[in-house]
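Just follow the structure's listing: the first ligand is 1, and inside any ligand the first atom is 1.
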Amino acid sequence: MKNKEVYRKIRKTNTWGTLIALIIFFSISMMLIAISVVGFLNYMVEAKMMAQYHAFESYARMSEDAAAKKSDQANFYKCLDKCGYEFLVLNDAGQVIHRVGADTRDSEMLDGKFGFLSQELKVFRDQDQKYLHVNDGGYINIDYGKIFAWFRTADERLEAAIEDDGYEPGGLYISGIGPSDEEGVFFSYTVEGNFDEQFTKAASELNAPLWMAVPIGETGYSFVGKSYFTVDIQEMTLFLEVAGFMIVIVVIMIFVLLGFTISGIRRQRKVVNYFFTDPVTMGHNQMYFQIKGEQMIRRSRNRTIGFAVVNLVFVNYRNYCVCHSVKQGDIILKKIYDVLRRETKSREIVAHLSSSSFALILRYDNQENLRARLEALIHQLEAVEADHRFAFQVGVSLLDVKRNDKGKALSRKRVELSSEYNNAVTARSVMADSEDSGISFFDEKIVEDRRWQDAVTERQKIAIQNEEFKVYYQPKYNPQTNELSGAEALIRWQSPDLGFVTPFKFIPIFEKNGFITEIDHYMITHVARDQKRWKDQGYKCVPVSVNVSRAHFIESDLAEQIRDLVDAENCPHDLIEIELTESAFFDDKKAMIETITRLKNYGFSVSMDDFGAGYSSLNSLKDMPLDVLKLDAEFFRGSEAGDRGQIVVAEAIRLARSLNMRTVAEGVEVRDQVDFLAAEGCDMIQGYAYAKPMEAADYEERMRTGHHDPAE
Ligand code: C2E
Ligand code: MG
Ligand code: MG
């Protein structure tokens with residue numbers, strides 16, 4: 001889960017942050033440009049109007065003097081008429097007493113204000129009010145809508161003003177300050193000839209008359225001049241340059257930011273790649289498998305195809321590293337990864353998880369085809385290195401197509417890849433004891449086995465404390481005389497919750513989890529205790545063999561431990577025999593010989609159990625000072641063994657005798673075999689033909705009678 005969060009964080013940061021910054025920056029810049037453009041326009045208009053107002057003020061001052069000297073008035077008006085403005089002089093009642101030009105006022109006297117220059121004025125609206133107007137708050141505003149409308153029609157006017165053939169590509173191009181025309185295209189025009197002239201002609205239309213009133217001293221009269229707002233080419237060019245410059249800056253900034261964003265995204269991709277890369281194979285790693293694999297399965301639209309989650313283990317990895325080097329081992333891992341990659345299809349996943357473990361998600365239609373594909377894959381991998389033969393174990397968990405009652409394939413939205421992979425690992429771990437290649441599919445039996453292992457492990461301690469383990473005795477008879485001549489102690493578990501359990505179901509588990517040591521001690525102690533008791537009670541005791549697991553042989557003082565346990569019960573050593581399994585003889589021969597010798601020195605006899613099962617240990621026989629050879633039950637199974645089987649058994653008995661060893665035939669069930677073994681000189685028979693393993697009380701009975709004929 002944590003990995004997924006980290007991945008999400010890596011994916012989220014950067015891109016979104018930069019994108020949001022980009023949008024904010026763009027909006028703010030555009031706002032600033034708009035404010036600057038409007039401010040600039042306002043300033044331009046107000047400055048022009050104010051220049052005219054100042055002129056009106058000086059005319060008013062001059063009028064004041066003239067008004068004082070009434071005689072000069074007529075003369076004065078004559079001078080004023082030449083000032084070039086259209087104006088009115090109003091008396092204190094607001095009547096026009098002098099006028100130049102038409103009186104085109106269209107309102108009462110209003111209080112007006114310039115917003116930008118904060119100048120308060122007395123104004124009248126004009127009938128031809130186009131671009132300036134006084135709003136309700138008294139502010140004198142530019143009506144940009146009308147200005148833009150002027151621009152929209154300006155090209156028509158210009159067109160009219162210039163020759164038809166006056167267009168020329170590459171001429172002056174004006175655009176950008178006006179809005180688009182109805183068709184959505186920015187207006188533009190190319191002008192040949194004297195542009196200034198043409199423009200001025202057109203721009204003269206862009207006037208904005210406003211009547212501005214200035215009081216003439218204390219006389220109560222006012223000078224009211226008609227002022228205009230006009231645009232000339234220099235101003236227009238300056239305005240275009242400023243706006244263009246700002247836009248260019250913003251565009252540059254946006255490109256820079258965009259560059260940052262793109263490099264951020266690239267960097268993020270690199271981080272994500274790194275996050276998903278396995279340093280050994282340079283392929284995909286566990287994170288990729290977990291995150292992308294789960295996404296792939298959950299999001300797969302095709303619900304009618306199955307997914308196989310696979311755990312593939314390179315069995316010889318550790319060994320190979322020891323014999324060569326970890327570096328060489330890594331090279332092999334890379335080769336394996338490359339083969340896997342090559343052999344998987346586009347919507348399948350391969351990842352290297354840890355040292356020898358690979359994970360795959362494959363698509364499959366039926367299990368047999370999948371098995372064949374995996375076998376071919378293993379085959380290919382086994383030969384990945386020309387002069388080596390490797391082994392690969394594969395555990396598979398199948399995500400089959402699931403359908404509802406109506407036969408519709410169900411979604412896999414809730415699939416937990418980690419638990420599927422865990423199942424694949426569990427399936428593979430079934431082969432953990434083997435060194436060979438193999439394929440194992442996860443199924444219910446594996447789950448049951450695991451549950452059973454859990455149940456056994458959970459209860460083992462309590463079981464031994466409560467003495468739930470019982471010692472059963474299986475007598476061994478001399479086939480010549482049918483006299484009791486020995487017995488083997490075999491464990492049984494009488495569990496209150498698991499019931500009566502045979503050793504095959506728990507001994508291998510104890511061998512794996514180490515509890516076998518305590519079990520063996522328990523058995524030796526109980527057998528020694530029984531033997532001592534029986535001896536004291538006057539039974540004719542025969543040696544009883546106790547199984548000692550091979551796991552025990554790593555302890556160097558095993559012989560002493562056994563001696564002490566037997567001594568603690570005061571049992572004579574010759575009543576105890578120690579059985580070692582054949583496979584134990586392979587681990588450490590020297591230590592084995594040492595232990596056997598010491599056991600014999602203490603007076604115990606030692607037997608080799610299950611001789612002939614699995615490994616051939618003739619060689620061990622040569623060196624081991626053993627007392628008894630127990631022929632494995634397999635020799636007596638099935639009639640096919642026939643004559644050849646009998647030859648082997650007869651020769652084994654002879655061999656043992658030559659080496660001064662006694663023989664015990666295990667698992668003998670039929671009378672013919674008893675007779676055959678008797679004829680061949682086998683010393684003892686331990687099998688159902690004489691007796692099954694039995695409780696101590698029944699065994700006491702056998703001791704009492706001593707003689708027992710084999711069943712017919
Ligand atoms: P093992 O030591 O080879 O024991 C002989 C097994 O063969 C016993 O199985 C016995 O019941 C069975 N057997 C004997 N005669 C016949 C026969 O005629 N027919 C058939 N079908 N079976 C016969 P069991 O008691 O189930 O024990 C199985 C194995 O579990 C033993 O094989 C031994 O390896 C292990 N084991 C049993 N008790 C102990 C113990 O106390 N400690 C250790 N370490 N291992 C034990
Ligand atoms: Mg045995
Ligand atoms: Mg045996």
For atom 26 (O) of ligand 1, what is the nearest protein heavy atom, given as residue, atom name and distance?
P503 CG, 3.4 Å
Check: H352 ring centre within less than 6.0 Å of Y337 ring centre:
no
Between Y699 and Q474, is any side-chain donor less than 3.5 angstrom from a side-chain acceptor?
no
Heavy-atom contacts with F504 under 4.0 Å: which atoms of ligand 1 show up? List them by number with element.
26 (O), 28 (C)
Under 4.0 Å from atom 14 (C) of ligand 1, is there at least one protein heavy atom?
yes
Who's the nearest protein heavy-atom neighbour of atom 12 (C) of ligand 1, and how far?
Q474 OE1, 4.5 Å
With ring centroids as reference points, do F289 and Y421 lie under 6.0 angstrom apart?
yes
Going by side chain to side chain contact (heavy atoms under 4.5 Å, CB included), V628 matches just one of E577, M608, M661. Which one?
E577
Does K692 have a non-hydrogen atom less than 4.0 Å from ligand 1?
no
Which atoms from ligand 1 have a heavy atom of E666 less than 4.0 Å away?
1 (P), 3 (O), 4 (O), 5 (C)
Mark up the atoms of ligand 1 that fall under 4.0 Å of a heavy atom belonging to E669, in ascending order.
17 (C), 18 (O), 19 (N), 20 (C), 21 (N)
Are H324 and H388 an aromatic pair, judged by ring center distance below 6.0 Å?
yes
Judged by non-hydrogen atoms, does R492 sit under 4.0 Å from ligand 1?
yes
So if I apply the side chain to side chain contact (heavy atoms under 4.5 Å, CB included) rule between D627 and each of S605, S607, P543, which one comes out positive?
S605
Side chains of Q686 and K630, donor plus acceptor under 3.5 Å:
yes
F314 and F358 aromatic centres sub-6.0 Å:
no
For D610, the atoms of ligand 1 under 4.0 Å from one of its heavy atoms are 3 (O)
Among Y472, Y688, Y522, F506, which one has a heavy atom closest to atom 23 (C) of ligand 1?
Y688
Check if R637 has a non-hydrogen atom at a distance under 4.0 Å from any atom of ligand 1.
yes
Is there a donor in the side chain of E382 and an acceptor in the side chain of S437, or the other way round, less than 3.5 Å apart?
yes
Between the side chains of S429 and R450, is a donor N or O closer than 3.5 angstrom to an acceptor N or O?
yes
Enumerate the atoms of ligand 1 whose separation from the nearest heavy atom of G687 is less than 4.0 angstrom.
15 (N), 18 (O)
Within 4.0 Å of some non-hydrogen atom of M523, the atoms of ligand 1 are 41 (O)
Is a side-chain donor-acceptor pair under 3.5 Å present for Q453 with N513?
no
Are the side chains of V456 and F515 in touch, meaning some heavy atoms are under 4.5 Å apart?
no
Least distance between heavy atoms, R654 atom then E680 atom
NH2-OE1, 3.1 Å
What protein heavy atom sits nearest atom 11 (O) of ligand 1, and how far away is it?
P693 CG, 3.2 Å
Quick check on atom 5 (C) of ligand 1 - does any protein heavy atom sit closer than 4.0 Å to it?
yes
heavy-atom search around atom 32 (O) of ligand 1 in the protein gives D609 OD2, 4.7 Å
Determine whether F604 and H573 satisfy the following criterion, ring pair (Phe, Tyr, Trp, His ring centres under 6.0 Å), listing intermediate values before the conclusion.
CA-CA 5 Å; F604 300 106; H573 293 185; 4.5 Å; yes
Below 2.8 Å, which protein N, O or S atoms neighbour the Mg ion (ligand 2), ignoring water?
E488 OE2, N547 OD1, E579 OE1, D609 OD2
Are Q367 and D400 linked by a side-chain donor-acceptor pair shorter than 3.5 Å?
no
Ring-ring centroid check F469 F506, cutoff 6.0 Å
yes
Note: ligand 1 atoms sitting under 4.0 Å from heavy atoms of G667 are 15 (N), 16 (C), 17 (C), 18 (O)
For atom 33 (C) of ligand 1, which of V668, V546, I491, N547 has the closest heavy atom?
N547
Closest to atom 31 (C) of ligand 1 among L580, I507, V670, L490 (heavy-atom distance):
L490
Check each atom of ligand 1 against the heavy atoms of D520 and keep those under 4.0 Å away; list them by number with element.
42 (N), 43 (C), 44 (N)
